[in-house]
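Quick caveat: nothing in here was measured; it's all calculated off a predicted structure.
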Amino acid sequence: MALSTPDDDRSRRELTPTGGGTPDPLREAADVMRAVRDRCVWTQQIDHRALVPYLVEESAELIDAVEDGTREELREELGDLLWQVLFHSEIASRDEDDPFDIDDVARGLTEKMVRRHPHVFGDAVATTPEEVLVHWNAAKAAEKHQRRSVLDGVSERMPSLALAQKLLSKASQVGLDPAKVQLADESAVGSLLLGDQLHSRGSEAGRPESEVELGDALLALVATARANGWDAERALRERLRALEHDIRAAEAS
């Protein structure tokens, strides 16, 4: 039988619900995080910035579980991502200047979601997904009234393809037609779209007609970049910077 240490006994006392009630698993997880922060020397030297790589890694593993994992893997990866939220919240709770804890995080989230769903918690009506988005965007605009541009709040640390999709959405909000965004080299892109490697499953003019075909097209573009010694990631990010300039110009006009 394993020996019990004072720390083990203290941990059990901390995690035992008072009044004999049913344990709250979320509260227990937060209590475990607090105990780990108190008594684990590795955890004690971690700050928000040092934790970022682990947040990126756990997010990627959750995506893998969603797209190609089992239910058990999905549950585990959700827990690992929750641990990151608890970890950041526990670090924040000890900030000398502006502390907040996991309860503050949960309270703020609850208040925000109630505000953004007036058709659920208020008198507003939404019978279609489009109407739901109208309410969501209106509530978000009221919350972020200090923002001066549709680009405010868009993280440049997003993966480049996700950022491209987000920026095209923002472009449509300022009157730029995403389908008609000026390309840096129309002839070159047209040549790629008409190339043999993009003629997938008989799509008209080589344009993808499904996500599978889109994946084929994107992979073909990356293969073209590799064959020419180009950096596909850098190429897209540089083009996105030009699109950001176009969006800001449209806002100013």
task: Show your reasoning for whether salt bridge (charged side-chain N to carboxylate O under 4.0 Å, His left out) applies to Asp38 and Arg94.
output: CA-CA 11 Å; Asp38 283 339; Arg94 305 179 190 219; 2.9 Å; yes
Within the supplied structure, the quantity of interest is the number of heavy atoms (other residues, nucleotides, ligands) at a distance under 6.0 Å from [X] [atom1]; does it exceed 12?
X      : atom1 : result
Gln165 : CD    : no
Arg49  : CZ    : no
Glu72  : CD    : no
Arg237 : CZ    : yes
Glu211 : CD    : no
Phe121 : CZ    : yes

If I take atom [atom1] from residue [X] and atom [atom2] from residue [Y], how far apart are they, to the nearest 0.5 angstrom?
X      : Y      : atom1 : atom2 : answer
Ser149 : Gln173 : OG    : CD    : 9.5 Å
Glu244 : Arg248 : CD    : CZ    : 6.5 Å
Asp31  : Glu28  : CG    : CD    : 7.5 Å
Leu243 : His245 : CG    : NE2   : 11.5 Å
Leu236 : Asp231 : CG    : CG    : 10.5 Å
Leu51  : Thr43  : CG    : OG1   : 9.5 Å

- prompt: Could you go step by step and tell me if His117 and His135 meet the side-chain contact (heavy atoms from CB on, under 4.5 Å) rule?
  reply: CA-CA 7 Å; His117 293 82; His135 292 309; over 6 Å; no
Full working for side-chain contact (heavy atoms from CB on, under 4.5 Å) between Val105 and Asp101: CA-CA 6 Å; Val105 172; Asp101 61 16; over 6 Å; no
Check for me, please, whether [X] and [Y] land in the same ILVMFWY cluster - side-chain distances under 4.5 Å, paths through other members count.
X      : Y      : answer
Met113 : Leu26  : no
Phe100 : Trp83  : yes
Leu161 : Leu151 : yes
Phe87  : Tyr54  : yes

[X] versus [Y], closest heavy-atom pair with distance:
X      : Y      : result
Asp95  : Pro99  : O-CB, 3.3 Å
Met33  : Leu86  : CG-O, 3.6 Å
Ala30  : Ile102 : CB-CG2, 4.2 Å
His119 : Val125 : CB-C, 4.2 Å
Arg107 : Asp104 : NH1-OD1, 2.9 Å
Ile46  : Ile91  : O-CD1, 3.7 Å

Could you tell me whether the side chain of [Y] reaches within less than 4.5 Å of the side chain of [X], counting heavy atoms only?
X      : Y      : answer
Leu167 : Arg241 : no
Arg234 : Glu238 : yes
Glu143 : Lys112 : yes
Leu78  : Leu62  : yes
Leu221 : Trp230 : no

Taking the side chain from [X] and the backbone from [Y], do they hold a donor-acceptor pair closer than 3.5 Å?
X      : Y      : result
Glu77  : Glu73  : no
Glu251 : Val150 : yes
Asn228 : Thr224 : yes
Arg34  : Glu90  : no
Glu131 : Thr127 : yes

- prompt: Is it the case that His48 and His88 place a side-chain donor and acceptor less than 3.5 Å from each other?
  reply: yes
message: Pair Leu81, Leu55 - check side-chain contact (heavy atoms from CB on, under 4.5 Å), show working.
response: CA-CA 7 Å; Leu81 193 59; Leu55 176 60; 3.8 Å; yes
- request: Apply side-chain contact (heavy atoms from CB on, under 4.5 Å) to the pair Val36 and Trp42, showing each step before the final yes or no.
  value: CA-CA 9 Å; Val36 170; Trp42 182 88; over 6 Å; no
